[in-house]
Amino acid sequence: NEQSYVPYSSTALADAAGTRRVLFFYANWCPTCRPADADFQAKKATFPADVTLIRVNYNDTETDAAEKALAQKYGVTYQHTY
């Protein structure tokens, strides 16, 4: 399922509304996040059909205001948080 692991956007979050959504707060410089990202990409076809894992950039060069607000909303203070 190509839509089971997707980068964050407001559209991606809305499109996944009918599934269990898991937010993975990721940073492109994080030595723990990069292998986890690669593993999720490789195994996304094995995710249950009713689960969507959404990668949210946290405090990196690709983080936008919406992602910062999402982290604040959920009290996320560290990358590699689900």
Side-chain angles (χ1 to χ4, degrees):
N1 179 356
E2 288 299 313
Q3 298 303 313
S4 60
Y5 183 50
V6 296
Y8 172 79
S9 70
S10 58
T11 302
L13 189 61
D15 287 349
T19 67
R20 292 181 288 164
R21 299 176 287 185
V22 178
L23 302 176
F24 169 41
F25 288 87
Y26 160 95
N28 59 16
W29 51 264
C30 170
T32 305
C33 300
R34 289 190 308 253
D37 179 54
D39 194 43
F40 294 144
Q41 287 289 352
K43 295 180 179 172
K44 64 186 173 185
T46 66
F47 292 179
D50 68 335
V51 172
T52 303
L53 181 57
I54 301 170
R55 189 184 82 191
V56 181
N57 291 315
Y58 178 83
N59 195 26
D60 67 23
T61 57
E62 299 172 7
T63 305
D64 64 23
E67 290 167 314
K68 287 179 184 180
L70 199 58
Q72 185 174 21
K73 175 181 177 179
Y74 291 109
V76 174
T77 59
Y78 192 76
Q79 73 284 349
H80 201 260
T81 299
Y82 300 87

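What's counted below: heavy atoms across the whole structure, side chains too, no hydrogens, waters or symmetry copies. Quantities reported herein were computed from a predicted structural model and do not represent experimental measurements.
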Taken to the nearest 0.5 Å, the spacing of F25 CZ from N59 CG works out to 12.5 Å
With rounding to the nearest 0.5 angstrom, report the OG1 to CD1 distance, T19 to I54. 7.0 Å
In chain order, what residues pass the side chain to side chain donor-acceptor pair (under 3.5 Å) check against N28, with sequence neighbours excluded? T61
Taking a hydrophobic cluster as the set of Ile, Leu, Val, Met, Phe, Trp and Tyr residues connected by side-chain heavy atoms closer than 4.5 Å, whether directly or through intermediates, do V56 and Y78 fall within one such cluster? no
Is the side chain of Y58 donor-acceptor paired with the backbone N or O of T77 at a distance under 3.5 Å, no angle test? yes
Tell me, which pairs form a salt bridge (Lys or Arg N to Asp or Glu O under 4.0 Å) where one or both residues lie in residues 66-82, sequence neighbours left out? none
Only pairs at least two apart or in different chains count here, so list each salt bridge (Lys or Arg N to Asp or Glu O under 4.0 Å) that has a residue in residues 19-28. R20-D50
Mind checking side-chain contact (heavy atoms from CB on, under 4.5 Å) for A27 and listing every partner two or more places apart, or none if nothing turns up? W29, C30, D60, Q79
Could you tell me the separation between the OH atom of Y26 and the CG atom of L53, rounded to the nearest 0.5 Å? 12.5 Å
Return the set of residues passing salt bridge (charged side-chain N to carboxylate O under 4.0 Å, His left out) with D15 (not counting sequence neighbours), or none when no residue passes. none
Do the side chain of S4 and the main chain of F47 share a donor and acceptor less than 3.5 angstrom apart? no
Only counting residues at least two apart or in another chain, list the ones meeting side chain to side chain donor-acceptor pair (under 3.5 Å) with Q72. none
From CA spacing to verdict: side-chain contact (heavy atoms from CB on, under 4.5 Å), T52, V6: CA-CA 8 Å; T52 303; V6 296; 4.1 Å; yes
With K43 via side chain to side chain donor-acceptor pair (under 3.5 Å) - residues at least two apart: D39
Which residues share a ring-ring contact (aromatic ring centres under 6.0 Å, His included) with F40, sequence neighbours left out: Y5, F24
Start with the C-alpha distance between L23 and L13, add both sets of side-chain angles, then the distance that settles side-chain contact (heavy atoms from CB on, under 4.5 Å), and finish with yes or no. CA-CA 9 Å; L23 302 176; L13 189 61; 4.2 Å; yes
Non-hydrogen atoms of A12 and P7 that approach each other most closely: CB-O, 3.6 Å
